[in-house]
Amino acid sequence: MAYLGIAVVAIAKPSFIRAEHPMAADLAIDRTASSPSRRRDLVFVVNPRGANGRTGKEWEKLLPYLRSRLGSDCNIFESLTSGPCHAIDITREAICEGADAVIAVGGDGTLHEVVNGFFWGGKPICSHDSEVIHTTALGLIPLGTGSDFARTFRWKNDPHEAIERIAKGLRSRIDVGVVLGRRDESHYFLNVADIHLSAKAGYVASRYKRFGNLCYVIGALQAFWGHQNRDLKIKVNNGEWEVYTKVTALCIGNAKFFGGGMKITPNADPSSGDFEVVILQDFRWYDFILKLHKLYNGTHLSVKNVISKRASSIEVEEVEGSNNNIYVQSDGEFLGFLPRKFFILPAAIDMIQ
């Protein structure tokens, strides 16, 4: 596959990439230029069906401003996703060909896929071009149902403000969380991974995206139906196994927010080199309702039966004898069931901030 002078090695599914500033097919891109005058190659990954189609409509309205603001200094490549995991493939292709940045356009789901596209086989992806002297940065234009990751940086849900960040091009390194599955397959997350009730609530909430952020509250209330708190075994930083009884939810935060604005891990910092782990024990449905405001404003750590700790790695299993499948998700994406291991990759990605 090629997109106007950039030969793309197809890793999996083919992706459609449309250039906004075309170049002659035989014009080689100067990847060695280090002067400020070198045009940056920016790949915008757009989920047009996000937020019940609102993302695609807002993107079309945003394009004229994006072209006028970035077009004089950047080559703009637009890629529309065609289904689940397509953004992963697009991102991998762009990084292999030395793109300066891959920008996720949409909600946390699109951002989650783009982040996973920065890795392959448990390792970061690098450009195939040995003359490329820069790393590919991650960018975000929030247009989806939920923009929880943006909230950690106190970014407004304003795409014009996001374009200004991209225009400035300032970068800083951020951490990435890793989830290891039962067969040691790796899955990556920027925001929050969670276990049991909150993960089941996210799974249910995915059916109600048409209601906006209210879908997370609907999901939580439905998840409580038939819910039972469970005893879990937890190992932090390769230490000894400990049993935590009557666990309602366990949240592993690289960033602060999930569930449409719940500040569940209020002390998490994606540049700290570790997670904040928050464990809720013995919560009932009425506890959730009465303490919902504390979950949203991040003051729940002082509540009885809430534990917070720091960890660079954590393993979680069911206590022997437990027969129920316990849900696991990261960044709102369902990953399956326990057991799982989570660990941090410090300063793993350049983020445009």
Side-chain angles (χ1 to χ4, degrees), residues 45 47 50-51 87-88 91 102-119 138-157 162 172-179 186-196 198-203 205-206 209 213 215-216 219-220 249-278 295-296 298 300 308 310-312 314 327-335 340 342-353:
V45 182
N47 175 13
I88 297 175
T91 302
V102 179
I103 292 95
V105 181
D108 290 322
T110 302
L111 178 63
H112 180 74
E113 285 199 8
V114 168
V115 168
N116 276 268
F118 273 74
F119 301 89
L138 170 68
L140 172 64
I141 297 180
L143 288 181
T145 302
S147 299
D148 282 321
F149 185 73
R151 289 185 174 97
T152 290
F153 293 95
R154 298 181 180 177
W155 293 340
K156 299 176 183 177
N157 197 27
S172 63
R173 304 292 288 183
I174 61 170
D175 308 332
V176 173
V178 185
V179 186
S186 298
H187 197 90
Y188 303 88
F189 66 98
L190 276 186
N191 219 33
V192 178
D194 52 306
I195 295 168
H196 205 18
S198 56
K200 185 178 180 181
Y203 181 77
S206 63
K209 289 290 187 181
N213 286 338
C215 70
Y216 301 109
L250 187 152
C251 301
I252 301 161
N254 184 47
K256 299 179 187 296
F257 296 88
F258 82 157
M262 290 187 191
K263 201 174 185 179
I264 190 66
T265 47
N267 299 315
D269 179 350
S271 59
S272 66
D274 62 3
F275 298 121
E276 181 180 26
V277 179
V278 171
L295 292 171
Y296 272 96
H300 56 287
S308 173
R310 310 298 301 191
S312 56
I314 179 170
Y327 286 68
V328 179
Q329 71 170 4
S330 67
D331 293 352
E333 302 298 317
F334 174 64
L335 299 183
R340 286 290 190 272
F342 308 80
F343 64 91
I344 199 88
L345 290 178
I349 290 180
D350 271 333
M351 182 86 192
I352 296 177
Q353 297 188 35

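What you see is a predicted model; the values in this text were computed from it and never measured. Any value given below was found using the heavy atoms of this structure, including those in side chains, with hydrogens, waters and symmetry copies removed.
When every heavy atom of R340 is checked against every heavy atom of L335, the shortest pair comes out as NH2-O, 2.8 Å. Nearest heavy-atom pair across D148 and G260 is OD2-N, 3.1 Å. Here the shortest heavy-atom pairing between N267 and R310 reads O-NH1, 3.1 Å. Scanning all heavy atoms of the two residues, the minimum distance from H300 to I264 falls at NE2-O, 2.8 Å.
Here the options are F119, F118, F275, the test is ring-ring contact (aromatic ring centres under 6.0 Å, His included), and the partner is F189; only F275 passes.
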Pair L190-V176, side chain to side chain contact (heavy atoms under 4.5 Å, CB included): steps then yes or no: CA-CA 5 Å; L190 276 186; V176 173; 4.0 Å; yes
Between L250 and H196, is a side chain to side chain contact (heavy atoms under 4.5 Å, CB included) present by the stated rule, with each step listed? CA-CA 7 Å; L250 187 152; H196 205 18; over 6 Å; no
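Applying the salt bridge (charged side-chain N to carboxylate O under 4.0 Å, His left out) criterion to D175, with sequence neighbours excluded, gives no partner residue. For D331, the side-chain hydrogen bond (donor to acceptor under 3.5 Å, both in side chains) test picks out H112, with sequence neighbours left out.
At distances below 3.5 Å, at least one donor-acceptor pair connects side-chain atoms of T152 with backbone N or O atoms of K256.
Taking the six-membered ring where tryptophan is involved, the planes of F153 and F149 are perpendicular, since the angle between them exceeds 60° and thus also 30°.
Atom OG of residue S186 and atom CG of residue N116 lie 9.5 Å apart, to the nearest 0.5 angstrom. Residue S198 holds its OG atom at 4.5 Å from CZ of F258, rounded to the nearest 0.5 Å.
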